[in-house]
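In what follows, every chain begins at residue 1, and chains take the letters A, B, ... in the order their sequences are listed.
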2 protein chains.
Amino acid sequence: MTVMMPTIKDVARLANTSKSTVSRFLNGKPVKKDTELALRKAIEELNYHPNMNARRLVLNRTQVVGIVVEDISNNFFTPILKGIRDEFDRKGYECVFYTWNLNRRREVDFMKLLYEEQVDGLIFVSFTRRSREDVRLMCDAPFPVVLIGDHAGVNEIYSIDVDNANGVHEVVNYLYRIGHRKIAHIAGPEHAGAGLEREHGFREAMLNHGISADLALIVQSDWTHQGGYNAMKALLEVGGFTAVVASNDESAIGAIGAAHEHGYSIPRDFSIVGFDDIGISQWIYPPLTTVRQPFQETGRRAAEVLYRAMVDEEATAAPRILLKPELVIRNSCLHVQTDG
Amino acid sequence: MTVMMPTIKDVARLANTSKSTVSRFLNGKPVKKDTELALRKAIEELNYHPNMNARRLVLNRTQVVGIVVEDISNNFFTPILKGIRDEFDRKGYECVFYTWNLNRRREVDFMKLLYEEQVDGLIFVSFTRRSREDVRLMCDAPFPVVLIGDHAGVNEIYSIDVDNANGVHEVVNYLYRIGHRKIAHIAGPEHAGAGLEREHGFREAMLNHGISADLALIVQSDWTHQGGYNAMKALLEVGGFTAVVASNDESAIGAIGAAHEHGYSIPRDFSIVGFDDIGISQWIYPPLTTVRQPFQETGRRAAEVLYRAMVDEEATAAPRILLKPELVIRNSCLHVQTDG
DNA sequence: TTGTATGCGTTATCAA
DNA sequence: TTGATAACGCATACAA
């Protein structure tokens with residue numbers, strides 16, 4: 001970077017005009033045909049590119065939105081990010097991705113960091129539970145903020161999430177419909193808001209069918225393959241169930257692995273259902289019945305909300321959006337005889 | 001963003017000192033104890049945050065590296081990106097991710113776009129074949145550029161990739177060792193450099209064992225589950241093989257699905273091996289024997305090379321790094337009787 | 001339609 | 001240790 005990049009001034013000199021004319025031309029304002037030609041030539045010749053930092057400084061606007069992601073290596077995030085990107089691509093905004101991990105900084109610390117980056121808006125993507133206090137702080141940011149995931153019950157902030165409870169209800173209803181009464185649950189990690197919502201949804205749905213949840217059949221896990229595997233082994237020790245509702249697809253897949261390892265066949269011996277519908281779920285054996293979470297749509301909608309808030313100061317959209325998930329029936333569940 | 005953010009000037013006024021002193025303090029230069037106290041108080045009170053754009057403008061250095069990714073929704077990319085991030089986090093650099101897709105722009109167009117963003121360095125991540133012409137252009141950038149993937153044989157550019165041919169050699173050798181002679185190949189897409197390298201590696205390895213490749217047993221595919229599924233169906237029509245080497249894990253998984261659907265059991269009826277070792281591969285049924293690609297390490301090394309090139313003008317590291325993949329043996333392959 | 005002059009928020013040079 | 005001043009590259013109000 002020791003080489004000096006040409007500036008608007010160099011272009012002006014070469015094209016025999018002034019800086020302001022160059023600037024105007026670059027911003028699509030009208031100039032005389034002659035000067036336009038001279039300018040094009042000069043720009044080409046110098047290989048000139050405008051300096052965005054300078055432009056941003058004077059405009060006090062960056063056309064950049066920040067996306068803060070909890071853990072970029074999580075596969076859930078990629079379709080969400082794609083949804084956000086695609087939407088902002090259309091609007092002519094740049095997306096800058098920041099990642100963090102739980103043990104280093106909090107989301108709000110990141111927000112302060114982004115005060116410096118002069119972003120025009122911000123989206124936080126995380127499946128971890130947020131504190132009221134943190135979310136309150138986010139409301140005070142000098143730019144609009146949209147949350148994907150938990151909003152800690154704060155209704156002043158823009159947020160978007162999937163209706164986790166509703167998704168699990170559908171799952172349990174389906175399982176009930178095909179005869180299952182003894183249903184186990186492999187829960188998500190405690191720190192995850194969505195995990196808790198799904199667990200509550202499970203208990204609720206069971207209650208709705210007049211089945212009191214058997215606490216021994218609800219086992220805590222962590223949304224990983226390994227976690228699902230371990231949880232299933234634990235459940236197999238307990239026994240006395242015909243179906244298991246996993247808190248996500250990965251743990252469902254781990255659970256299937258454990259069942260196979262114990263010589264069971266799915267769905268013959270146990271019905272298993274996941275949550276998320278990640279890409280692989282239709283390709284495993286047996287193809288997994290699950291709840292499709294509209295990841296990309298989630299990202300797209302978040303971008304939409306943020307955009308509206310950025311351009312329209314008094315946007316009055318509903319601050320909370322709850323997307324409906326969809327039950328996808330494949331081959332990991334089987335009809336069973338009801339007891340009574 | 002209508003609200004005016006406090007500047008260094010406001011801090012100076014409130015702390016009863018000058019802009020320069022504030023600036024020096026912010027950059028860790030020594031100030032008197034009294035002024036330090038006053039400054040801290042003023043900064044706190046005003047909730048002051050430095051404006052990075054202004055700083056970058058005057059420093060002509062951004063502490064930002066650009067990462068241009070072909071398709072953010074591809075799962076391969078996440079561990080690579082994580083490797084890059086982690087490394088630059090340590091170095092105090094910001095990472096800005098840009099995504100593109102094949103039908104919109106070329107990588108070099110992106111590079112020009114980044115002339116404007118004033119990044120200090122750039123990493124291109126793509127599995128698509130690159131043209132000599134494009135790579136040559138990248139060499140002329142005003143900042144260092146590192147390629148992950150194909151380098152079109154241009155040795156002047158920093159690049160890093162996995163030794164695809166070597167990986168496939170190991171696979172074929174292994175298959176040969178356990179008795180397989182009739183081996184099919186589900187190839188990757190034509191536009192992917194790595195796909196071609198793997199296919200060549202396959203032919204080479206077969207030849208090394210004195211087996212002339214049966215062209216009917218090499219079928220083109222596209223690295224997707226669906227593609228692998230279709231390819232396996234086609235192979236099953238042809239018949240006459242005991243093992244299949246898939247160009248990546250996803251198509252291997254699709255192929256297993258097709259085999260199951262036709263009533264075959266893996267590995268009893270066919271041995272199948274993949275490439276990449278994506279997270280799911282050890283959890284499917286049967287657990288997939290594959291070649292582990294060091295994704296995260298790839299990203300880390302790329303970041304390392306770029307960093308060296310950015311800080312040390314005359315870095316003379318070897319421009320091309322080829323990482324060795326590793327055969328991971330699980331349960332998707334079985335020993336068979338050799339014919340002769 | 002064009003040019004001059006000013007300012008955006010920061011760092012750096014130089015005297016004090 | 002501090003303060004005045006001049007950059008950095010660009011956009012814009014105003015005058016021409």
Side-chain angles (χ1 to χ4, degrees), chain A residues 1-40 42-43 46-64 114-120 142-143, chain B residues 1-40 42-43 46-64 94 114-120 142:
Chain A
M1 205 52 171
T2 163
V3 55
M4 224 41 182
M5 302 283 285
T7 75
I8 202 178
K9 197 170 159 186
D10 301 310
V11 176
R13 185 166 346 101
L14 192 61
N16 231 320
T17 177
S18 74
K19 293 197 302 177
S20 18
T21 303
V22 181
S23 174
R24 277 188 297 253
F25 169 68
L26 289 171
N27 289 300
K29 269 134 195 162
V31 295
K32 266 225 295 253
K33 201 68 195 168
D34 305 4
T35 48
E36 170 171 350
L37 255 48
L39 283 171
R40 285 197 189 285
I43 288 171
L46 292 169
N47 191 23
Y48 165 81
H49 292 272
N51 182 320
M52 282 301 170
N53 287 321
R55 166 175 285 169
R56 286 171 183 155
L57 176 58
V58 47
L59 288 182
N60 193 27
R61 190 171 42 101
T62 55
Q63 294 277 103
V64 169
L114 293 193
Y115 278 35
E116 310 186 351
E117 294 295 332
Q118 314 298 121
V119 294
D120 287 352
F143 38 70
Chain B
M1 202 57 170
T2 164
V3 54
M4 225 39 180
M5 303 283 284
T7 75
I8 202 177
K9 197 169 158 187
D10 302 311
V11 176
R13 184 163 351 99
L14 192 61
N16 231 322
T17 176
S18 74
K19 292 196 304 175
S20 353
T21 303
V22 181
S23 173
R24 276 187 299 254
F25 170 69
L26 290 171
N27 289 301
K29 268 133 196 163
V31 295
K32 268 226 293 254
K33 201 69 195 166
D34 304 5
T35 47
E36 170 172 350
L37 255 49
L39 283 171
R40 285 196 189 288
I43 288 171
L46 292 170
N47 191 24
Y48 165 81
H49 292 272
N51 182 322
M52 282 301 170
N53 287 322
R55 165 176 285 169
R56 285 171 183 156
L57 176 59
V58 48
L59 289 183
N60 193 29
R61 189 171 41 102
T62 55
Q63 294 278 102
V64 170
E94 212 71 67
L114 294 193
Y115 278 35
E116 309 186 352
E117 294 295 333
Q118 314 298 121
V119 295
D120 287 352

Item to check | Pairing residues for A/Ser20 by the side chain to side chain donor-acceptor pair (under 3.5 Å) criterion, not counting sequence neighbours | outcome: A/Ser18
Checklist outcome for this item: Rounded to 10°, the helix from C/dT1-D/dA16 to C/dA16-D/dT1 deviates from straight, judged by its five-pair end axes, by 30°
Item to check | Boundaries of the chain A footprint along DNA chain C (any atom under 4.0 Å from a heavy atom) | outcome: C/dT1 to C/dG9
Item to check | For A/Leu14, side-chain contact (heavy atoms from CB on, under 4.5 Å) partners two or more places apart | outcome: A/Ala42, A/Glu45, A/Leu46
Could you pull out the protein-nucleic contacts involving nucleotides 10-14 of chain D (nitrogen or oxygen on both sides, under 3.5 Å)?
{"residue": "D/dC10", "atom": "OP1", "partner": "A/Tyr48", "partner atom": "OH", "Å": "2.5"}
{"residue": "D/dC10", "atom": "OP1", "partner": "A/Asn51", "partner atom": "N", "Å": "3.0"}
{"residue": "D/dC10", "atom": "OP2", "partner": "A/Ile8", "partner atom": "N", "Å": "2.5"}
{"residue": "D/dC10", "atom": "N4", "partner": "A/Lys19", "partner atom": "NZ", "Å": "3.2"}
{"residue": "D/dA11", "atom": "OP1", "partner": "A/Asn27", "partner atom": "ND2", "Å": "3.3"}
{"residue": "D/dA11", "atom": "OP1", "partner": "A/Arg55", "partner atom": "NE", "Å": "2.6"}
{"residue": "D/dA11", "atom": "OP1", "partner": "A/Arg55", "partner atom": "NH2", "Å": "2.8"}
{"residue": "D/dA11", "atom": "OP2", "partner": "A/Ser23", "partner atom": "OG", "Å": "2.7"}

Checklist entry - Residues two or more places apart in sequence or in another chain: which of them pass side-chain contact (heavy atoms from CB on, under 4.5 Å) with B/Arg40? => result B/Phe25, B/Glu36
Next on the checklist: Rounded to whole Å, how long is the line connecting atom CD of B/Glu117 with atom C1' of D/dG9?
Outcome noted: 15 Å
Checklist outcome for this item: The ring pair (Phe, Tyr, Trp, His ring centres under 6.0 Å) partners of A/Tyr115 (sequence neighbours excluded) come to A/Phe143, B/His49
Checklist outcome for this item: Sorted by chain and residue number, the side chain to side chain donor-acceptor pair (under 3.5 Å) partners of B/Ser23 (sequence neighbours excluded) come out as none
Checklist entry - Can you name the side chain to side chain donor-acceptor pair (under 3.5 Å) partners of A/Thr62, sequence neighbours left out? => result A/Asp120
Item to check | side chain to side chain donor-acceptor pair (under 3.5 Å) against A/Glu116, all qualifying residues, sequence neighbours excluded | outcome: none
Checklist entry - B/Asn16 has an atom CG; how far is it from atom C1' of D/dT2, in whole Å? => result 13 Å
Item to check | Partners passing side-chain contact (heavy atoms from CB on, under 4.5 Å) against A/Lys9 (at least two apart in sequence or in another chain) | outcome: A/Thr7, A/Lys19
Checklist entry - Separation of B/Leu57 atom CG from D/dG9 atom P, in whole Å? => result 7 Å
Checklist outcome for this item: Sequence neighbours excluded, the answer for side-chain contact (heavy atoms from CB on, under 4.5 Å) partners of A/Ala38 is A/Ala15
Checklist entry - How about B/Met52 and B/Glu94: do any of their side-chain heavy atoms sit closer than 4.5 Å? => result no
